[in-house]
Amino acid sequence: MHSFAPQSVCVLGSTGSIGVSTLDVLARHPDRYSVFALTARERVEDLAQQCRKYSPRYAVVLEEDRANELRHLLQGEHLPTEVLWGMDALCQVASDSRVSVVMAAIVGAAGLKPTLAAVRGGKKVLLANKESLVMAGPLFMGALAESDAQLLPIDSEHNAIFQCLPYPCKTLESAGVERILLTGSGGPFRTTPPSALDSVTPDEACAHPNWSMGRKISVDSATMMNKGLEFIEACYLFHASPADIEVVVHPQSIVHSMVQYRDGSLLAQMGNPDMRTPIAHALSFPDRIDSGVAALDLIRQGRLDFEAPDEARFPCLRLAREAMEVGGSAPTVLNAANEVAVEAFLNGQLPFTGIARLIEKVMKTSEVVELTDLNAVELADRIARERACDILEELYGVSEDQPCPQSRSM
Ligand code: NAD
Ligand code: MG
């Protein structure tokens, strides 16, 4: 039995796929963790239900209307929960002095400010929101170095790499690492003929063979932009250069990534594809706690396959690597263009193959600047979204009643 006072946890994006898995793990360890704040953008009813179950001190939504809805739902229930709204409130609960651990599981650029607030507040930050690192990597890692915060990767691949590296790991070179092998399943269209990709629907793109996830990351997995974003994420997290990282397609999603050492050793972290494993690992690090995930049965699994990625079929992988090689605001532009493209695809405004085409056009016509501060990130993000909308309209046309999706910037 754990004898310390429970650690107080803030879950940003608690109604999402990662948020729900996080609460599932927390509920298994009430002696170790208590829930301080839950946050969401919509799905207010789910959030109300979570408040009833976890009695957080705060529940935060993005908009005032939603806050009123939530207050109405919780009226007369005598919960300790105060309802707040807005970006400032998100940043406030993520950096509150009473919080020890912050799960950063908002999707997209909207997660950047609260996640940075948690880093600057010196929290133990569990990073699921890869977009915030991709769009503001140098700034984010700079803030981390200047703070007492501890950053633990939740993305299963990065969590696997973290587990295969010594801790602490100052540089890959000094640890004897030759390269990092970043694995990816190849998504639902790994073997679909390229000619059939033009007509795939959002539901087909979101039907991932191994993982159940939110819709944005599901589309990213189908284009393999998810692997591209993860490539950039790994460069920042592990102080790696693009040449240090190789993407390997592994359709079964059992090996979550690997680290190749100078002496010929190849360390892999394996497990059933269930995000509760990396969540439990990061929550309790360096301890190990129950996650609710069944042990991997390798005999039943039978075989593990590996192949090289097909960059002709998945141009997003190349675009992400190029953005990281260019540096500066190029990854910011890539991320912003991708967010607009994915939302347009989900809205039926853009064919699947148009996602990569749109991103490439935005990247080719964007100026690369240095990311000196958050304003520079914000500006690069906004200009890239505007450019993506112009190009979307030019190439595919958008109607009055369904304008270009720009709503989810930071
Ligand atoms: P999701 O869409 O299921 O959930 C997103 C959460 O963020 C929800 O609670 C939503 O209400 C909230 N949110 C959305 N927009 C917001 C905004 N503008 N402001 C404030 N809150 C907002 O997404 P998910 O699949 O849980 O993914 C969350 C993050 O974790 C993403 O960055 C994703 O790339 C990353 N991730 C997810 C998985 C997975 O298995 N789902 C795996 C690795 C990494
Ligand atoms: Mg991942």
Side-chain angles (χ1 to χ4, degrees), residues 10-24 37-47 50 59-63 66-67 70 84-91 93-94 103-115 117 126-135 153-162 182-187 206 208 210-221 224-234 237 247 250 253 255-257 269 272-279 282 293 335 338-339 342-343 346 405-410:
C10 166
V11 184
L12 300 170
S14 66
T15 57
S17 165
I18 293 288
V20 167
S21 293
T22 303
L23 290 177
D24 181 278
L38 297 174
T39 88
R41 188 171 67 111
E42 37 210 16
R43 299 214 210 145
V44 177
E45 261 145 47
D46 291 3
L47 186 57
Q50 292 180 342
V60 189
V61 289
L62 200 57
E63 286 151 14
R66 294 285 147 86
L70 183 61
L84 307 174
W85 64 273
M87 189 47 87
D88 289 347
L90 285 173
C91 295
V93 294
M103 166 55 81
I106 290 174
V107 61
L112 177 59
K113 282 179 182 165
T115 308
L126 314 189
L127 184 73
N129 177 222
K130 66 192 87 183
E131 295 92 343
S132 61
L133 195 52
V134 169
M135 72 189 292
I154 292 298
D155 218 338
S156 55
E157 296 76 4
H158 306 74
N159 185 270
I161 295 161
F162 180 90
L182 182 69
T183 57
S185 69
C206 289
H208 196 280
N210 308 331
W211 297 94
S212 142
M213 310 178 285
R215 282 174 83 79
K216 194 262 174 181
I217 184 177
S218 296
V219 175
D220 284 345
S221 300
M224 282 196 83
M225 180 55 95
N226 184 48
K227 214 45 58 186
L229 297 176
E230 290 182 355
F231 182 91
I232 297 172
E233 184 185 13
L237 279 177
V247 173
H250 165 49
S253 301
V255 172
H256 298 308
S257 277
Q269 187 265 354
N272 285 316
D274 187 320
M275 290 306 292
R276 291 176 301 173
T277 295
I279 291 167
V293 179
N335 180 67
N338 181 55
E339 288 193 28
V342 170
E343 210 174 330
L346 287 171
Q406 279 201 53
S407 57
R408 293 187 190 174
S409 63
M410 45 191 291

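As the structure lists them, so they are numbered: ligands from 1, and atoms in each ligand from 1.
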Counting heavy atoms only, which part of [X] comes closer than 4.0 Å to ligand 1: side chain, backbone, both or neither?
| X | value |
| --- | --- |
| I18 | both |
| N129 | both |
| K216 | neither |
| M275 | side chain |

With nothing but distance in play, are any N or O atoms of [X] less than 3.5 Å from an N or O of ligand 1?
| X | answer |
| --- | --- |
| E131 | yes |
| A110 | no |
| M213 | no |
| D155 | no |
| S17 | yes |
| R215 | no |

Is the backbone of [Y] close enough, under 3.5 Å, to the side chain of [X] for a donor and an acceptor to pair up by distance?
| X | Y | result |
| --- | --- | --- |
| Q50 | S14 | yes |
| R43 | T15 | yes |
| D274 | R276 | yes |
| N159 | I154 | no |
| T39 | G13 | yes |
| K227 | T183 | yes |
| S21 | S17 | yes |

As a test of reading the structure, name the N/O/S atom of [X] that is nearest the Mg ion (ligand 2).
| X | value |
| --- | --- |
| E157 | OE1 |
| D155 | OD1 |
| E230 | OE2 |

| request: Measure from atom 28 (C) of ligand 1 to every heavy atom in A109, G111, A105, G108 and give the option owning the shortest one. | output: A105

| Interatomic distance, N129 atom CG to D155 atom CG [nearest 0.5 angstrom] | 10.5 Å

| Can you tell me how far the CD atom of E339 sits from the CG atom of D220, to the nearest 0.5 Å? | 8.5 Å

Which atoms from ligand 1 have a heavy atom of [X] less than 4.0 Å away?
| X | result |
| --- | --- |
| A40 | 11 (O) |
| G13 | 6 (C), 7 (O), 9 (O) |
| L62 | 17 (C), 18 (N), 19 (N) |
| A128 | 30 (O), 32 (O), 35 (C), 36 (N), 44 (C) |
| T15 | 8 (C), 9 (O), 11 (O) |

| said: Within the structure provided, determine whether H158 and K130 are in side-chain contact (heavy-atom separation under 4.5 Å). | reply: no

| said: With a 4.5 Å cut-off on side-chain heavy atoms, are V60 and L12 touching? | reply: no

| query | Any side-chain donor-acceptor pair under 3.5 Å between N226 and E230? | reply | yes

